[in-house]
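To keep things clear, I will list the structure first and then write my remarks on it.
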Amino acid sequence: MTSLVRHITIDCADAYELALFWAEVLGSSVSDDDAPGDPEALVEASGAALLFVTVPESKGIKNRVHLDVRPEDRTRDEEVERLLALGATLVADHRKPSGRGWATLADPEGNEFCVECGAAERAALDGTRLPVTADDVTLAVRLAADALAQSPADDWHVPAGSLTWDCWETVEHLSDDLFAYAVQLGPRKPPLEHDVPYRWAPEREGGPWNAIFADPEAGTAGLLQTLEASGALLTAMVRTASPALRSYHSHGVSDPEGFAAMGIVETLVHTHDVAAGLSFSFTPPRGLCDRVLARLFPDAPDDADRWTVLLWSTGRADLPGRDRVTSWKWHGAPLDR
């Protein structure tokens, strides 16, 4: 047995006030159990749980342990300006003209922390692609579920775009895909020559072969719950699996990033199919499309709208100057980095 780090605990003069600052830094909130004047305050965020504890001693020397933060949706320099506006102070500037480096800041009680380049900046500096992550899976599934939930259509048993399945079946199939990719990452020794042996079968002739089906009595709200639940399973498995893990897929033995990208592509294109059937529009973010294209379709054109290219790559759209794709498969095997 081993131990896990439960909290990163920070001594301070006012636990609640400092927790408010860090909640803003991390895009989180202070625990509902904590209030001004409490001796402790907890901030939970993705990848970190910070516990602030009020102590009588003041900070005397430089911290022997500090936090490094990385912006998710802005540049390093934009994040530095945001944090300075929140009340941080600049302690030392290690940013270089090349774009590399970091800035050392201090929180309102003087605790040092560093602001590094975000993943997108690092990829641009290194000339590498931006990896597909567990957070990307979460984003794709939430975008899909939100778009589908807003459809005013009552009848989901109409064809899903150009598919032979109806819209209900297509969402069931999507839920099943996400589940199937998650379970491939689950065994201690993932199979390299076959799927994890769940039983897949169609409910009707010509319908999708699924292990996952939604209860019709639960209606479309229940159907979308199965989608979110299967998406959460894949997110959790991608987040916790070793990058070195390999598991079977019919398009090539793949890694956790590959299964994440597959789940995202399935989510985006099948939401497109259902949107066509239910007569509403759906356009995912360019960056999300670009990341999965780079991972699964490395030879895809890079001179056109990324969503259109993803639809073209999966046989769902025309691309000017190029033949329509009638047969396709993605590159599931890990890419050389």
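Model, not experiment: these values are computed from the prediction.
- Between His173 and Trp165, the ring planes lie tilted relative to each other; the angle falls in the 30° to 60° range.
- Between Asp290 and Arg129, none of the side-chain N atoms (NZ, or NE/NH1/NH2) sits under 4.0 Å from a carboxylate O, so this pair counts as no salt bridge.
- Between the side chains of Ser230 and Ser175, not a single donor N or O lies within less than 3.5 Å of an accepting N or O.
- With rounding to the nearest 0.5 angstrom, the CZ atom of Phe280 is 8.5 Å from the CD atom of Gln150.
- For Arg291 against Pro131, the heavy-atom pair with the smallest separation is CD-O, 3.6 Å.
- Contact check for Val53 versus Ile10: no side-chain heavy atoms found under the 4.5 Å cut-off.
- By the 4.5 Å heavy-atom criterion applied to side chains, Glu266 and Leu178 are not counted as neighbours.
- Glu203 places no side-chain N or O within 3.5 Å of a backbone atom of Pro208 that could act as its donor or acceptor partner.
- In summary, Arg100 and Glu121 do not engage in a salt bridge, as defined by a charged side-chain N under 4.0 Å from a carboxylate O.
- Leu51 has its side chain out of reach of Ile8: every pair of non-hydrogen atoms, C-beta onward, lies at least 4.5 Å apart.
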Asn111 and Leu18: CA distance, side-chain angles, deciding distance, side-chain contact (heavy atoms from CB on, under 4.5 Å) verdict = CA-CA 10 Å; Asn111 299 299; Leu18 194 57; 3.8 Å; yes
Between His270 and Asp177, does a side-chain contact (heavy atoms from CB on, under 4.5 Å) hold up when you go through it step by step?
-> CA-CA 11 Å; His270 283 316; Asp177 279 337; 4.3 Å; yes
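- Summarising the geometry of Pro256 relative to Val238, their closest heavy-atom pair is O-CG2, 3.7 Å, with the distance given to 0.1 Å.
- Taking the side chain as every heavy atom from C-beta outward, Pro190 and Leu245 approach each other to under 4.5 Å.
- Shown here is Arg142, whose CZ atom has no more than 12 heavy atoms of other residues, nucleotides or ligands within 6.0 Å.
- With hydrogens and angles ignored, the 3.5 Å screen pairs a side-chain donor or acceptor of Arg316 with a backbone N or O of Thr314.
- The closest donor-acceptor contact from the side chain of Thr226 to the backbone of Leu223 lies under 3.5 Å.
- Criterion: ILVMFWY side-chain heavy atoms under 4.5 Å apart, direct or through other members. Under it, Val292 and Trp328 are part of a common hydrophobic cluster.
- Residues Asp166 and Trp156 have side chains that never bring a donor and an acceptor to within less than 3.5 angstrom of each other.
- At a threshold of 4.5 Å between non-hydrogen side-chain atoms, the residues Leu86 and Trp22 do not count as touching.
- Here the options are Lys62, Lys59, Arg64, the test is salt bridge (Lys or Arg N to Asp or Glu O under 4.0 Å), and the partner is Glu112; only Lys59 passes.
- No more than 12 heavy atoms of other residues, nucleotides or ligands shown are found within 6.0 angstrom of CG on Asp323.
- A 6.0 Å sphere centred on CG of Asp155 holds more than 12 heavy atoms belonging to other residues, nucleotides or ligands.
- Classification of the His249-Tyr181 ring pair by plane angle, with boundaries at 30° and 60°, yields tilted.
- Hydrophobic clustering of Ile, Leu, Val, Met, Phe, Trp and Tyr side chains at less than 4.5 Å, counting indirect connections, keeps Leu233 apart from Val141.
- The two atoms that bring Glu116 and Pro71 nearest to each other are O-CD, 3.1 Å, heavy atoms only.
- Interatomic distance, CG of Asp107 versus NE2 of His66, reported as 13.0 Å (0.5 Å rounding).
- Residue Ala144 comes nearest to Thr267 through the heavy atom pair CB-CG2, 3.6 Å, listed as atom of the first residue, atom of the second, then distance.
- Aromatic ring centroids of Trp168 and Phe213 lie 6.0 Å or more apart.
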Apply salt bridge (Lys or Arg N to Asp or Glu O under 4.0 Å) to Arg286 and Asp305, showing your working.
-> CA-CA 8 Å; Arg286 181 188 188 282; Asp305 173 73; 6.0 Å; no
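- Across Leu185 and Met237, no two heavy atoms sit closer than the pair O-CE, 3.3 Å.
- By the neighbour-count criterion of 12 heavy atoms within 6.0 Å, atom CZ of Arg6 is sparsely surrounded, having that number or fewer from other residues, nucleotides or ligands.
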Between Arg76 and Glu79, is a salt bridge (Lys or Arg N to Asp or Glu O under 4.0 Å) present by the stated rule, with each step listed?
-> CA-CA 5 Å; Arg76 174 202 59 197; Glu79 182 68 347; over 6 Å; no
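- Rounded to the nearest 0.5 angstrom, Leu268 CG and Thr283 OG1 are separated by 10.5 Å.
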Step by step, work out the side-chain contact (heavy atoms from CB on, under 4.5 Å) result for Leu288 and Asp136.
-> CA-CA 7 Å; Leu288 183 61; Asp136 288 331; 3.8 Å; yes
Could you walk me through whether Leu83 and Phe113 pass side-chain contact (heavy atoms from CB on, under 4.5 Å), step by step?
-> CA-CA 11 Å; Leu83 300 182; Phe113 64 99; 3.7 Å; yes
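- Contact between Gly277 and Cys167 at its shortest, heavy atoms only, is CA-SG, 4.1 Å.
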Show the numbers, then the answer: is there a ring-ring contact (aromatic ring centres under 6.0 Å, His included) between His331 and His251?
-> CA-CA 7 Å; His331 182 92; His251 290 180; over 10 Å; no
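- Crowding of Arg324 atom CZ: a count of heavy atoms from other residues, nucleotides or ligands under 6.0 Å exceeding 12.
- When atom types are taken as modelled, the side chain of Asp215 and the backbone of Glu217 share a donor-acceptor pair closer than 3.5 angstrom.
- When the side chains of ILVMFWY residues are joined at heavy-atom separations under 4.5 Å, either directly or via intervening members, Trp307 and Val274 end up in a single hydrophobic cluster.
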Criterion salt bridge (Lys or Arg N to Asp or Glu O under 4.0 Å) on Asp255 and Arg295, from CA distance to verdict | CA-CA 11 Å; Asp255 58 355; Arg295 175 58 181 83; 2.9 Å; yes
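- Although no hydrogens or angles enter the test, the distance criterion places a donor-acceptor pair under 3.5 Å between the side chain of Glu257 and the main chain of Val132.
- Between the side chains of Asp176 and Trp200, a donor-acceptor pair is found at a separation under 3.5 Å.
- Asp38 contributes no side-chain N or O that, together with a main-chain N or O of Glu40, makes up a donor-acceptor pair within less than 3.5 Å.
- A donor-acceptor pair under 3.5 Å links the side-chain atoms of Arg246 to the main chain of Pro243, judged by distance alone.
- For the pair Phe179/Ile212, a side-chain contact is recorded, criterion being any heavy-atom separation below 4.5 Å from C-beta on.
- Val55 and Leu50 sit in two unconnected hydrophobic clusters of ILVMFWY residues. Membership requires side-chain heavy atoms under 4.5 Å apart, directly or through other members.
- Applying the side-chain contact (heavy atoms from CB on, under 4.5 Å) criterion to Val196, with sequence neighbours excluded, gives Val183, Gln184, Pro187, Pro191, Tyr198.
- In terms of hydrophobic clustering, with Ile, Leu, Val, Met, Phe, Trp and Tyr side chains grouped at heavy-atom distances under 4.5 Å, Leu84 and Leu67 are assigned to a common cluster.
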Which donor-acceptor pairs under 3.5 Å do the side chains of residues 24-35 make with protein atoms, sequence neighbours left out?
| residue | atom | partner | partner atom | Å |
| --- | --- | --- | --- | --- |
| Ser28 | OG | Glu44 | O | 2.4 |
| Ser31 | OG | Asp33 | N | 3.2 |
| Asp34 | OD2 | Leu42 | N | 2.8 |

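- Inter-residue side-chain proximity for Pro334 and Val253 is flagged as unmet; no heavy-atom pair is nearer than 4.5 Å.
- Taking 4.5 Å as the limit, some side-chain heavy atom of Leu310 sits within range of a side-chain heavy atom of Phe297.
- The OG atom of Ser254 lies 3.5 Å from the CE atom of Met262; values are rounded to the nearest 0.5 Å.
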